[in-house]
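Presented below is the structure to which this report refers.
Letters A, B, ... are given to chains in the order of the sequence lines, protein chains preceding strands, and every chain is numbered from 1.
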Number of protein chains: 2
Amino acid sequence: MLTRKQLELLELIDARVKRDGVPPSFDEMKDALNLRSKSGIHRLITALEERGFIRRLPHRARAIEVVRMPGGADAAHVATVIDGGAQAQPQAPRNAIKVQQIHALELPVMGRIAAGTPIEAISEISHHVAVPGSMLSGNGEHYALEVHGDSMIEAGINDGDIVVIREQTTADNGDIVVALVEGLEATLKRFRRMRGMIALEAANPAYETRVLRDDQVKVQGRLVGLIRSY
Amino acid sequence: MLTRKQLELLELIDARVKRDGVPPSFDEMKDALNLRSKSGIHRLITALEERGFIRRLPHRARAIEVVRMPGGADAAHVATVIDGGAQAQPQAPRNAIKVQQIHALELPVMGRIAAGTPIEAISEISHHVAVPGSMLSGNGEHYALEVHGDSMIEAGINDGDIVVIREQTTADNGDIVVALVEGLEATLKRFRRMRGMIALEAANPAYETRVLRDDQVKVQGRLVGLIRSY
DNA sequence: CGTAAAAGTTCACCTTAAGTTCTATGGACG
DNA sequence: CGTCCATAGAACTTAAGGTGAACTTTTACG
C-alpha cells in the first residue's frame, strides 16, 4: 500500500502532531527526511492523500491531518469517540485497535416530507444517517428528512431520497427549502420571492406553483444535500 | 491542521470558556496573545472557523463556541475507533467521552464519468468522500465517481453528483451500471439484456440507447448510491 | 429609549512563511 | 542506450501574521 518513503513521512507527521500539536511544514518535513528539496515532499503528500491516509486543505499552511495509520481501519462499522465538547483526548481507549477519522456526521432523520403537495410532520426522529462533512456548512444545525412523492423529480429528487436540511429562516431565490405553509403544511419546494409574495414551485409540471403571502410561509430550512440508496 | 498561532488562540478560547464561562472578546484575545492589533485575531478566528474548530455568530459579541479540539473529535470530523469486534467500551470513560457509532466509510473518488455519451477515465484518486454504511452492501468493493453530463437526468442523476459504485462484473436488467464499451469508453447507463445483445439506455430522450454485442460491453460496477451537495 | 462604550469588521500596507510548479539531473534497470 | 522515476533546484504564487486606523453594529446603561 505504501512505499517506504511514504510510510516514513506518514509516521513523521503523526509523531510531530503528537509532539507539537502542530503538523510540520514542507520545509520541516524535507529536513527531517534528509531531502534537499520540498518538491519531493509534495509528491509524497499527494500520494498519501490519494491513498486515504491523510486529509489536507490545499494551499493552506500546515493543513494536514492524519486520518489513519497503515494496517488501520477499513470497516463499515466503526465506533466513534466523541469528545464531550472541549477536552482533547488524543489517545484512544486501550482496547481500541485501529483508528480512522471519518469526515462525516450522524444526522437524525426527523421524518418524512411530502415533496409535492403538502403535509407530513417534522416530528420525531425515526433513525439516523451518516452525512459527509462536505455537505455541512460548518456552522448551523442540520437534520435529514425522507422525501415522499415525486413533485421535485425534475430537480433530481426522487421518492425515497434522504435530503439534508440546514436550519434557517431565510432563503434566496432559487433555493430549495422546507417551508411551513399556513402553520401546518411542511413542504419541500423551490423558493422564489416576487413583488411581495412568495412562490413555492414544484419541480414537476403536474404540480402547480403556489403563490402565497409573506406571512403564510415560514422557511424552516434549506436543502444542502441529498443521499440516495439503490 | 492548525498553525501554531491558530492552536494557541484555540486553546486560549477554550481555557477562557472553561474558566469564565464566557468566551473572550477580540481585545482580550489580542492582549493575551501579545498582539497590538485585533485585526490579526479576526483573521485567526476566521481561519479556525474555516477549519471547523469553532462556530460563531458574526457581529455578535463574544459569540464564539469551541466545536472541537485538535485530535479530539466532534462535529464534522470524528475520530473513529475501530473496536476489534468484540468488547466495546462499556464503562463511561474518565472524562466524559461519549461513544457514538458512525455508520460510514471513506471511499475514494476515482475520477469523473460521463453519464451520457462516452468516456472519461477511471484513473487516479482525486479525493475521498464519506459514504453512509446503509449504501454499502457489506461485502464487495466500492468506490465513487463524479458524474459529468446530463444523460441520466431522468433517473435523478444530475451533473456533478457523486455516485457510489459497487464493483461487479454482472448486472441484472434495469440496474444502472458503469460499463466499459469497446474496452475504452466508461459510461454510466441503465443495463438491459435482450436476445443476446446488451442495451445501454440513457435516462434522457436526447441520448440514444446503444445496443451492443455481448463482448463489446464489460460491466465494471453497479450503482448503489448517490450523494449530492448543493 | 437614546446614546456612549464595547465589540466586531474592514482595509491598506508590509514581511515572512509556506505551498506549488516546472525543469533539470542522475541513477537504476531492462 | 533509452526509459522510468525519485531527487534537486529555483521561480513563482499564495497564505499567514502583524500593525494601525477608520468604520459599523451590538450591547449596556442611565
Side-chain angles (χ1 to χ4, degrees), chain A residues 1-13 16-17 19-51 53-67 138-140 169-170, chain B residues 1-17 19-67 70 123-127:
Chain A
M1 191 62 167
L2 292 180
T3 67
R4 205 170 318 284
K5 277 287 179 192
Q6 287 162 6
L7 179 63
E8 204 181 324
L9 180 57
L10 182 62
E11 283 172 343
L12 171 76
I13 295 170
R16 288 296 182 92
V17 170
R19 198 189 67 185
D20 307 334
V22 173
S25 70
F26 280 37
D27 271 295
E28 288 165 7
M29 292 187 264
K30 156 202 114 198
D31 291 339
L33 292 199
N34 286 311
L35 296 182
R36 249 153 297 181
S37 168
K38 53 185 177 173
S39 66
I41 297 293
H42 190 273
R43 295 184 332 86
L44 290 172
I45 290 287
T46 305
L48 285 174
E49 193 185 10
E50 273 186 5
R51 288 165 175 71
F53 289 89
I54 62 174
R55 176 167 50 235
R56 76 191 219 98
L57 282 60
H59 294 286
R60 271 356 195 226
R62 296 171 192 265
I64 304 174
E65 191 178 13
V66 176
V67 163
N139 59 340
T169 55
T170 62
Chain B
M1 199 55 150
L2 294 179
T3 67
R4 189 154 276 105
K5 276 290 172 189
Q6 289 161 6
L7 181 63
E8 207 180 317
L9 180 57
L10 181 62
E11 284 173 340
L12 172 75
I13 295 170
D14 188 50
R16 288 299 181 88
V17 170
R19 199 190 66 186
D20 308 334
V22 176
S25 72
F26 279 41
D27 272 295
E28 288 166 6
M29 291 188 263
K30 158 202 114 199
D31 291 340
L33 293 199
N34 286 312
L35 297 185
R36 249 154 295 182
S37 168
K38 55 184 176 173
S39 67
I41 297 292
H42 189 271
R43 237 174 322 170
L44 289 172
I45 291 288
T46 305
L48 285 174
E49 198 183 6
E50 266 180 18
R51 289 163 172 71
F53 287 85
I54 62 174
R55 189 192 310 184
R56 64 186 301 251
L57 281 59
H59 291 285
R60 263 47 205 297
R62 297 170 194 266
I64 304 174
E65 185 187 4
V66 176
V67 172
S123 47
E124 76 267 17
I125 300 167
S126 53
H127 57 291

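Counting heavy atoms from C-beta on, the side chains of B:I64 and B:L57 never come closer than 4.5 Å. Contact annotation: the side chain of A:V67 never approaches that of A:F53 to less than 4.5 Å [non-hydrogen atoms, C-beta and beyond]. The shortest side-chain heavy-atom distance between B:Q6 and B:T3 falls under the 4.5 Å cut-off. Side-chain atoms of B:I45 and B:I54, non-hydrogen and from C-beta on, do get closer than 4.5 Å to each other. Taking the side chain as every heavy atom from C-beta outward, B:M29 and B:R16 never approach each other to under 4.5 Å.
Remark on DNA chain D: of its neighbouring residues A:N34 and A:P58, the 5'-side contact belongs to A:N34, judged by nearest-heavy-atom nucleotide. Annotation: of the two residues near DNA chain D, A:L35 and B:K5, the 5′-most nearest-nucleotide partner is A:L35. Each of B:M29 and A:R62 has a nearest nucleotide on DNA chain C; the 5'-most of these lies closest to B:M29.
The interatomic distance linking A:K30 (NZ) with C:dG19 (P) rounds to 12 Å, in whole Å. Separating the CG atom of B:D27 from the C1' atom of D:dT19 is a distance of 14 Å, rounded to the nearest angstrom. B:L2 places its CG atom 17 Å from the P atom of D:dA15, with the value rounded to the nearest Å. The CZ-C1' distance, from A:R60 to D:dG17, rounds to 14 Å in whole Å.
You'll find a donor-acceptor pair under 3.5 Å spanning the side chain of B:S39 and the base of D:dT19, going by distance alone. Within 3.5 Å, no donor on the side chain of B:R36 pairs with an acceptor on the base of D:dG18, nor the reverse. For D:dG9, its base sits under 3.5 Å from the side chain of A:S37 at one donor and acceptor pair at least.
A:R43 comes within 4.0 angstrom of a base, heavy atoms only. Among the heavy atoms of the strands lying under 4.0 Å from A:R56 are primed sugar atoms or P, OP1, OP2 only; no base atom is included. If you check every strand for non-hydrogen atoms under 4.0 Å, B:G40 touches a base. As judged by a 4.0 angstrom heavy-atom cut-off over every strand, B:H42 is placed among the base-contacting residues. Residue B:L44 is in sugar-phosphate contact alone, with no base atom involved, counting any heavy-atom pair closer than 4.0 Å across all strands shown. Using a 4.0 Å heavy-atom cutoff across all strands shown, B:K38 reaches at least one base atom of the nucleic acid.
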